[in-house]
Each structure stands twice: as C-alpha cells, then as structure tokens.
Number of protein chains: 2
Amino acid sequence: MQLTLSRKEQIEQTATALFKSKGFSATSMRDLATALGIEAASIYSHIKSKEEILQRVCFRMANEFFEALAKAESAPSSATEKLKNAIVAHVLVLTSNTAASAVFLHEWRHLSEPFLADYLLLRDQYEARFRSIIKEGIANGEFTVPDEKFAVLTIFSGLNWIHTWYNPAGKMTPVQIAENLSAMLLNGLKNNNN
Amino acid sequence: MQLTLSRKEQIEQTATALFKSKGFSATSMRDLATALGIEAASIYSHIKSKEEILQRVCFRMANEFFEALAKAESAPSSATEKLKNAIVAHVLVLTSNTAASAVFLHEWRHLSEPFLADYLLLRDQYEARFRSIIKEGIANGEFTVPDEKFAVLTIFSGLNWIHTWYNPAGKMTPVQIAENLSAMLLNGLKNNNN
DNA sequence: TATACAACCTAACGTTCGTTAGCAAATTAA
DNA sequence: TTAATTTGCTAACGAACGTTAGGTTGTATA
C-alpha cells in the first residue's frame, strides 16, 4: 500500500474527480489548477497535455477490469457461477474507484485517435468474454435468453450505472452490491417460490 | 403528424444529434452552424442561447416520460403488470427519439440553476412512481427484492442504456425490446423451467 | 559545498468560444 | 403594393481556452 502519491498521481486523481463531476470538456486546466492550489501552467511540469490524463485513466482502468476478469474466469465452473464471478469482479473494480470508473465509462469519447480505436477494441474484447459465458449458459440449458447480445447489454447497463449512486460510506458493501445485482440479473424481480 | 419543421425546431434537432454524439460542452455553436449550413451568428435569430436548446430538449423529454407513465398507470392491475406497462412506456419514449433521450439522460448536468434543480426534482418524482409500484409488489408478495431503491436503480440502468445501441433499422422493434427487457428484469436470465 | 532536480511561478501566445450589433435579402401578410 | 416577418450575412467583442517560454525557489544528492 503506497502511502504517498507522487505529484503526477495527485494531479491525475484530482483531475479524475473533476472529469467525473463536470465532464472532460467542461473541466478546464485552470479548474484543475485551482483544485490543486497551483497555477494552470504549473501542471505542465508534470504532464504533457490534458488528454494525457484522460488516456492514463482510461487505459489503467481497462487493465484493472481485464485482470479482475481473468481471475474470475480461472476457476472452472458452471456458466451461472462464471457469470456471477465475473459480475462480482466487475463490480469490485467499479466500486474501488468510482471517479476513475465514471471517467472510463463516460469520457472515453474525448480520446483522440489512435487511442480511441484502441479503447473501443479493448471494450469489445471485454464484452466478448461475457458474451461467451452467456452463450455457454444458453447452450447447456442454464440460461433462457432470446438473444445473448441483448443479455450482455442489459447486464452491463446494470453494472455500469453503479458509480452514479454507490457510496463507500453507505450501508451496502461492494460484495453485497455485487451479490444483489447478480441475483437480480439471474433471477429477476419475480418471486419464484409461489 | 407535422410534415415541416420550423427553423427553430430544425436547429433544436440538429443540435440534439450533436449533443448526443459529442456532448454539450464539446459541441460549439460553430459546429452546429456548419451542420445546419449557415453561420454561427445566424442561429441567434432563432434562439436566445446555447443552453436554451438544452433546456428545451430536457424538459420536453421529461414531459413525454411523465405523460407516457400516466397512461401506463391508469389501468388498474397487478404490480407485475403495472411495472411491465411502465417499462414498456418508458422504452417507447426512449426509442422514439434516441438523440433527445441521450441528451436528456446525460447532458442535463450542464443546465444552470434554477433549471438544474427543476430537472432533478422531476427526475426524482418520476423514479418515485416506479418505486411505489415495486413497493406494492413487495407488499403483496409478487416481488422478492432485498431493497426497492436498489431494484429501481437496476431497472433504470437497464432501460437508460438502450439509446446507446438501439437502431431503428435493426431487427428488434421497440415493443419487442421493451417486452424482452421487462421479461429479463422480472424473471432474470435463469431458466426457471427445470 | 556544489549540483541536480522537482515544483511552481509570471507572462504571454494563438486559438476558439458564445454572443451582439447592424444590415440585407427573401418571403409572407395586409 | 406596402409592411412585417423570417432568415441569413459580415464583422467583431471580450472572455476563456490549452499550452509554451523562461525564470525562481527549495530540497535532496554527490
């Protein structure tokens, strides 16, 4: 556990919080400087450009999601369990840093090429891993879904909204959230006991 | 059915498309003017400010959602049917204009006061209507959910992602999407027939 | 003690931004 | 035919933007 952040990391963290709350475009370098208590020009002793911050946040988060998914997939089990593990892994990354997650999920479109293309490729690869779990579940009868693309979209939409309301100081722990979400996505709202 | 749009409506429509694809802040009045084939200054013969466009889109969509929900709620039925009707109504509004929906859902934070406060109040009122349907379903045993706030959040996240992938020229009709979504949210992925 | 480096400063650059003023042409209504 | 309205133009405003240049200070290293 690193106790002290380098100045560059401090800048990135502060910028991420601003990007989440105001958006990338609406956050000026002068806003960021004010939040850091320095002048806007001083930031350029540490970073090359405003977009560099966005790039670093987006690709660092992409890495975290892939690593978490790899661990979740490693234990061979049923599609149901695989999906549940993948959902839990995804939620844990999301809740571990809601600001960076929000930027990763919503501000990526401000990346310039070739970063934008790289980002979209990674995202598609990530979603494909979920699709194949669902396909497996459909094939062996665990799941009943009209369309696996549709199912994946619904799962991700449920997951990727968490950062807007998750509060680390709230009642639910990340694991509880993940368990509830996967239960709801797998079983639905309906009471199936009667 | 109105066949010709007033110039003001054309501007609003073109702006909405740009706001969806680039975001409000990243869309300049000169971008909008270029898309319309006129000069930026000419736009001000029709509107007062850039934000006025955003305000009109946001509150017009809010109205549409409320009206659709009112109709869906009018027929007294079970909580399950009420919820399904409300979901269908919501999806139909979303798919009827994905650009305006995207702006409504994602660009509202660029509203200035007092419009921002008004918007947030409306949104909370709308969500409260869904919460009360869920509460009713929990109370009479139709639903089994750990937390109704959590359930509503998950429902909305599933619904409000549609605009990112829905294609009017695609295979699924809005009604089919709505039916599939409500089925998935109510019953989950799991095959409950065995 | 001398050197290097990290961190920040002031001043300013060229650009883009939303918007206004004032005017002209075309279309519609009286 | 005249008047009003709609729709657009050019030119320009002040402000904000991302960024660069060049210099100063304090701290850690040799």
Side-chain angles (χ1 to χ4, degrees), chain A residues 2-59 103 106-116, chain B residues 2-59 103 106-116:
Chain A
Q2 201 173 342
L3 292 177
T4 55
L5 264 57
S6 75
R7 204 65 178 110
K8 184 165 183 174
E9 288 165 330
Q10 282 179 41
I11 290 170
E12 195 177 300
Q13 202 170 83
T14 307
T16 303
L18 289 174
F19 291 171
K20 177 185 180 181
S21 65
K22 307 178 53 169
F24 177 77
S25 297
T27 302
S28 73
M29 293 303 279
R30 285 165 177 86
D31 288 340
L32 175 54
T34 301
L36 289 162
I38 59 176
E39 293 296 319
S42 305
I43 299 172
Y44 289 85
S45 299
H46 307 276
I47 58 150
K48 288 216 307 274
S49 68
K50 184 185 177 186
E51 200 196 303
E52 192 205 6
I53 304 176
L54 182 63
Q55 288 160 12
R56 289 171 58 92
V57 174
C58 285
F59 290 101
V103 171
H106 292 306
E107 305 300 328
W108 55 265
R109 61 177 165 179
H110 298 110
L111 290 169
S112 61
E113 296 292 357
F115 304 100
L116 182 58
Chain B
Q2 201 173 344
L3 291 176
T4 56
L5 265 55
S6 74
R7 203 66 178 110
K8 184 163 182 174
E9 287 165 332
Q10 282 178 43
I11 290 170
E12 196 177 299
Q13 202 170 82
T14 307
T16 303
L18 289 174
F19 291 171
K20 177 186 180 180
S21 65
K22 308 178 52 170
F24 177 77
S25 297
T27 302
S28 73
M29 293 304 279
R30 284 164 179 87
D31 289 339
L32 174 55
T34 302
L36 289 162
I38 58 175
E39 292 297 319
S42 306
I43 299 171
Y44 289 85
S45 299
H46 306 277
I47 57 151
K48 288 215 308 273
S49 69
K50 185 184 177 188
E51 201 197 303
E52 191 205 7
I53 304 175
L54 182 63
Q55 288 160 12
R56 288 172 58 91
V57 174
C58 285
F59 290 100
V103 171
H106 291 308
E107 305 300 329
W108 54 266
R109 61 176 165 180
H110 297 110
L111 290 169
S112 61
E113 297 292 357
F115 304 100
L116 182 60

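Every chain is numbered from 1 and lettered A, B, ... according to where its sequence line falls, protein lines coming before strand lines.
In this entry the distance linking CD1 of B/Ile43 with C1' of D/dG8 reads 11 Å, nearest Å. Spacing between atom NZ of A/Lys8 and atom P of C/dC8 amounts to 15 Å, rounded to whole angstrom units. At whole-Å resolution of the value, CD1 in B/Ile38 and P in D/dC9 are 6 Å apart. For B/Gln10 and D/dT6, the CD to P distance is 15 Å, given to the nearest whole Å. With rounding to whole Å, B/Leu32 atom CG is found 12 Å from C/dC17 atom P. Distance, B/Ile47 CD1 to C/dT20 C1': 13 Å, rounded to whole Å. Note: CD (A/Glu39) to P (C/dA12) measures 14 Å, nearest angstrom.
Applying the ring pair (Phe, Tyr, Trp, His ring centres under 6.0 Å) test to B/Phe24 and every residue at least two apart in sequence or in another chain returns B/Phe19, B/His110. In this view, A/Arg7 satisfies the salt bridge (Lys or Arg N to Asp or Glu O under 4.0 Å) rule with no residue, not counting sequence neighbours. With sequence neighbours left out, the side-chain hydrogen bond (donor to acceptor under 3.5 Å, both in side chains) criterion links B/Arg30 to no other residue. With sequence neighbours excluded, no residue satisfies side-chain hydrogen bond (donor to acceptor under 3.5 Å, both in side chains) with B/His46. Under the side-chain hydrogen bond (donor to acceptor under 3.5 Å, both in side chains) criterion, B/Ser49 pairs with no residue at all, not counting sequence neighbours. Residues satisfying the side chain to side chain contact (heavy atoms under 4.5 Å, CB included) test with B/Gln13, not counting sequence neighbours, are B/Leu5.
When side chains are defined from C-beta on, A/Phe59 counts as touching A/Phe115, because their heavy atoms get closer than 4.5 Å. Residues B/Lys20 and B/His106 form no side-chain contact, since every pair of their non-hydrogen atoms from C-beta on lies 4.5 Å or further apart.
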Measure all distances between protein nitrogen or oxygen atoms and nitrogen or oxygen atoms of nucleotides 23-27 of chain D, and list the pairs falling under 3.5 Å.
none

Please tabulate, one pair per line, each protein N/O and nucleotide N/O from nucleotides 23-28 of chain C that are separated by under 3.5 Å, including the distance.
none

Set out, line by line, the N/O atom pairs under 3.5 Å between protein and nucleotides 19-22 of chain D.
| residue | atom | partner | partner atom | Å |
| --- | --- | --- | --- | --- |
| D/dT19 | OP2 | A/Tyr44 | OH | 2.5 |
| D/dT19 | OP2 | A/Lys50 | N | 2.9 |
| D/dT19 | O5' | A/Tyr44 | OH | 3.3 |

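In this structure, OG on A/Ser25 lies 9.0 Å from NZ on B/Lys22, to the nearest 0.5 angstrom. Put simply, CG on A/Leu116 and CD on A/Gln55 are 11.0 Å apart, with the number rounded to the nearest 0.5 Å.
Neither OP1 nor OP2 of C/dA6 sits under 4.0 Å from any side-chain N or O of A/His46. A close approach under 4.0 Å does occur between a side-chain nitrogen or oxygen of A/Ser28 and OP1 or OP2 of D/dC17.
Sequence neighbours left out, not one pair with a member in residues 33-44 of chain B passes salt bridge (charged side-chain N to carboxylate O under 4.0 Å, His left out). Within the structure, salt bridge (charged side-chain N to carboxylate O under 4.0 Å, His left out) pairs that include any residue of residues 41-52 of chain A comprise A/Lys8-A/Glu52 (at least two apart or interchain).
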Test log, rule side chain to side chain contact (heavy atoms under 4.5 Å, CB included), inputs B/Ile47 and B/Met29: CA-CA 11 Å; B/Ile47 57 151; B/Met29 293 304 279; 3.9 Å; yes
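For the pair B/Ser42 (side chain) and B/Ile38 (backbone), a donor-acceptor distance under 3.5 Å is absent.
Taking a 4.0 Å limit (strictly below) on heavy-atom distances, residues 16-26 of chain A does not reach DNA chain C anywhere.
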